Asks: 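My questions will all concern the structure given below.
Given the structure is predicted, the values throughout are model-derived calculations rather than measurements.
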Amino acid sequence: VQLQASGGGLVQAGDSLRLSCVASGRTSSYYVMGWFRQAPGKEREFVAVISWSGGSTFYADSVKGRFTISRGNTKDTVYLQMNSLKPEDTAVYYCASDTTWGTEAYEYEYWGQGTLVTVSS
């Protein structure tokens, strides 16, 4: 399974960005997809997760109400719409995938390469 994340960039506080993650190389769409982020000098932290159907989502408290995770029609694409961005959202954002629901990095087998989001004040 290969995951390709994209959409990062440099924005100002209050702006929006949409990250995308495309999965390929697997025979089933029954995968949970998650987003994590890692700021410089910090551990990787959970951001959001979505079920394979898209019917269930869960967010970290730090992004709840500002970020929205969703799936594309083919279910092999997942998006992270980030609104009202703050400087503390600056990090490398990674998409991840596994067959079971989880909010911890160790629970995910497959990872994308990461995309950098920088929010200036």
Asks: For residues T99 and Y31, determine if any side-chain heavy atom of one lies less than 4.5 Å from a side-chain heavy atom of the other.
Replies: yes
Asks: Between R71 (side chain) and S51 (backbone), is there a donor-acceptor pair under 3.5 Å?
Replies: yes
Asks: Any chance you could measure L85, atom CG, to S120, atom OG, to the nearest 0.5 Å?
Replies: 10.5 Å
Asks: Tell me the closest heavy-atom pair linking L19 and V117, and the distance in Å.
Replies: CD2-CG2, 4.0 Å
Asks: Checking side-chain contact (heavy atoms from CB on, under 4.5 Å) for the pair V63/M82: CA distance, chi angles, key distance, verdict?
Replies: CA-CA 8 Å; V63 306; M82 306 185 294; over 6 Å; no
Asks: Under a 4.5 Å side-chain heavy-atom rule over Ile, Leu, Val, Met, Phe, Trp and Tyr, are V22 and I50 clustered together?
Replies: no
Asks: Short question: side chain of T115, backbone of Y93 - any donor-acceptor pair under 3.5 Å?
Replies: no
Asks: What do the steps show when you test D15 against V119 for side-chain contact (heavy atoms from CB on, under 4.5 Å), and what is the final call?
Replies: CA-CA 8 Å; D15 285 351; V119 184; over 6 Å; no
Asks: Residues in side chain to side chain donor-acceptor pair (under 3.5 Å) with Q113, at least two apart?
Replies: none
Asks: When rounded to the nearest 0.5 angstrom, what distance separates OH in Y59 from CZ in F46?
Replies: 9.0 Å
Asks: Just verifying a value: how many Å separate M33 CE and D76 CG, rounded to the nearest 0.5 Å?
Replies: 7.5 Å
Asks: Enter the distance from E43:CD to Q38:CD here, rounded to the nearest 0.5 Å.
Replies: 8.0 Å
Asks: Membership question, hydrophobic clusters at under 4.5 Å side-chain separation (ILVMFWY): are L10 and L80 in the same one?
Replies: no
Asks: Nearest 0.5 Å, please: how far is OG in S97 from CD in Q2?
Replies: 11.5 Å
Asks: Would you compute the distance between atom OG1 of T90 and atom CG of L116 and round it to the nearest 0.5 angstrom?
Replies: 8.0 Å
Asks: Tell me if the NZ atom of K64 is crowded by more than 12 foreign heavy atoms within 6.0 Å.
Replies: yes
Asks: Same cluster for V32 and Y79 if Ile/Leu/Val/Met/Phe/Trp/Tyr side chains link at under 4.5 Å?
Replies: no
Asks: According to disulfide (SG to SG under 2.5 Å), does anything in residues 59-121 pair up with another residue at least two apart or in another chain? List the pairs.
Replies: C21-C95
Asks: Testing the basics here: between S16 and S84, what is the closest heavy-atom pair and its distance to 0.1 Å?
Replies: OG-N, 4.3 Å
Asks: For residues 100-121, which residue pairs qualify under ring pair (Phe, Tyr, Trp, His ring centres under 6.0 Å), counting only residues two or more places apart or in two chains?
Replies: F36-Y108, F36-W111
Asks: Measure from the side-chain N and O atoms of Y94 to the backbone N and O of A5, and report whether any donor-acceptor pair falls under 3.5 Å.
Replies: no
Asks: Looking only at heavy atoms, what is the nearest atom pair of Q81 and N83, with distance?
Replies: NE2-OD1, 2.9 Å
Asks: Can a salt bridge be assigned to the pair D89 and K86 using a cut-off of 4.0 Å between side-chain N and carboxylate O?
Replies: no
